[in-house]
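To keep things clear, I will list the structure first and then write my remarks on it.
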Amino acid sequence: MSILKHSGAVSILHAFLDASRWRSVREEKGKIPQKTVHVYVLETGGCEGCHMEVETLAGSAFALEKYGFKKVTDPVEADWLLVTGAMSRSCVNMLERVWNTMPQGKSLIAVGQCAIDGGIFGNSYATLGGLDKLTAVKRMIPGCPPSPHEILNGLRNIIEN
């Protein structure tokens, strides 16, 4: 009889299994999301740190759908636009095109300091700074970069308020 509870292939399985991924929302919050919020992510310039953290949410470690969010690849399907990175001059038209493509009832969310106010990139020949230079940023998730947990908690706070 082995002293170890798990060995071999079972140990590897337990090492990679994130138990929180399979825990129901009911256990964590006491309620299941009524409506799924479809999010479209747009990287507008910068180091892409925030964009990578947002992409992590769509992976197997986070089960984004269990919290009431779904990442979409077409802005026509999106309820929320998540913008990451400083607002580069070359992306202004793309941002406007994506925003105008989204259906009514849409929301703009700045993810990371660069998206909010330009962060370390500021205003230069290549960037306009952050979204605060183009519009009032009412919904934001600060950080440089915010972790996937901070982004998820920020999205959940926005949906609850």
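Bear in mind that the values here come from a model prediction, so they are computed numbers and not experimental data.
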Check: Between CD of E43 and CE of M52, what distance do you get to the nearest 0.5 Å?
Finding: 9.0 Å

Notebook entry, point to check: Measuring from H149:NE2 to I151:CD1, what's the distance to the nearest 0.5 Å?
Noted result: 10.5 Å

Margin query: In the structure I gave you, are the side-chain heavy atoms of L95 and L134 within less than 4.5 Å of one another anywhere?
Written below: yes

Checklist line | Heavy-atom side-chain proximity of L81 to I109 below 4.5 angstrom | finding: no

Check: Checking E150 side chain against S147 main chain: does a donor-acceptor pair fall under 3.5 Å?
Finding: yes

Check: Which atom pair, heavy atoms only, marks the closest approach of I120 to C114?
Finding: N-SG, 4.2 Å

Check: According to a 4.5 Å side-chain heavy-atom criterion applied to Ile, Leu, Val, Met, Phe, Trp and Tyr, with indirect links allowed, do M87 and M94 form part of one hydrophobic cluster?
Finding: yes

Next item on the list: Determine the minimum heavy-atom distance between A115 and V83, stating which atoms define it.
Entry: CB-O, 3.3 Å

Notebook entry, point to check: Does L64 belong to the same Ile/Leu/Val/Met/Phe/Trp/Tyr cluster as I158, with side-chain heavy atoms less than 4.5 Å apart forming each link?
Noted result: yes

Margin query: Does any part of the side chain of K71, heavy atoms only, come nearer than 4.5 Å to the side chain of L57, both counted from C-beta?
Written below: no

Next item on the list: Please round to the nearest 0.5 Å and tell me the distance separating atom CD of E55 and atom SG of C50.
Entry: 12.5 Å

Next item on the list: Give the C-alpha distance, both sets of side-chain angles, the deciding distance and a yes or no for side-chain contact (heavy atoms from CB on, under 4.5 Å) between I141 and L155.
Entry: CA-CA 8 Å; I141 301 170; L155 293 175; 4.0 Å; yes

Next item on the list: Keeping the roles fixed (side chain from S88, backbone from G45), state whether a donor-acceptor pair exists under 3.5 Å.
Entry: no

Checklist line | Co-membership, hydrophobic cluster, residues L42 and V39, 4.5 Å side-chain | finding: no

Item checked: Beyond-backbone contact of L82 with Y40, side-chain heavy atoms, under 4.5 angstrom -> no

Note to self: Can you tell whether the side chains of E77 and K70 come within less than 4.0 Å, N to carboxylate O?
What the structure shows: no

Notebook entry, point to check: Side chain of R89, backbone of S124: donor and acceptor closer than 3.5 Å?
Noted result: yes

Note to self: Just verifying a value: how many Å separate L131 CG and L108 CG, rounded to the nearest 0.5 Å?
What the structure shows: 5.5 Å

Margin query: Donor-acceptor pair, distance only, cut-off 3.5 Å: does the side chain of D79 make one with the backbone of H38?
Written below: yes

Item checked: Side chain T36, main chain F69, donor-acceptor under 3.5 Å -> no

Note to self: Rounded to the nearest 0.5 Å, what separates atom CD in E53 from atom CD in E48?
What the structure shows: 12.5 Å

Notebook entry, point to check: Below 4.5 Å, heavy atoms only, C-beta onward: do V54 and T84 meet side chain to side chain?
Noted result: yes

Notebook entry, point to check: Which pair of heavy atoms, one from P103 and one from A78, lies closest together, and at what distance?
Noted result: CD-O, 3.4 Å

Note to self: To the nearest 0.5 Å, what is the distance between CG on D74 and CE on M102?
What the structure shows: 10.5 Å

Notebook entry, point to check: Does any non-hydrogen side-chain atom of R139 lie less than 4.5 Å from one of W80?
Noted result: yes

Margin query: For L128 versus V92, what's the shortest heavy-atom pair and its separation?
Written below: CD1-CG2, 3.3 Å

Notebook entry, point to check: Does K106 reach the main-chain N or O of W99 with its side chain, forming a donor-acceptor pair under 3.5 Å?
Noted result: yes

Note to self: For F121 versus A86, what's the shortest heavy-atom pair and its separation?
What the structure shows: CB-CB, 3.9 Å

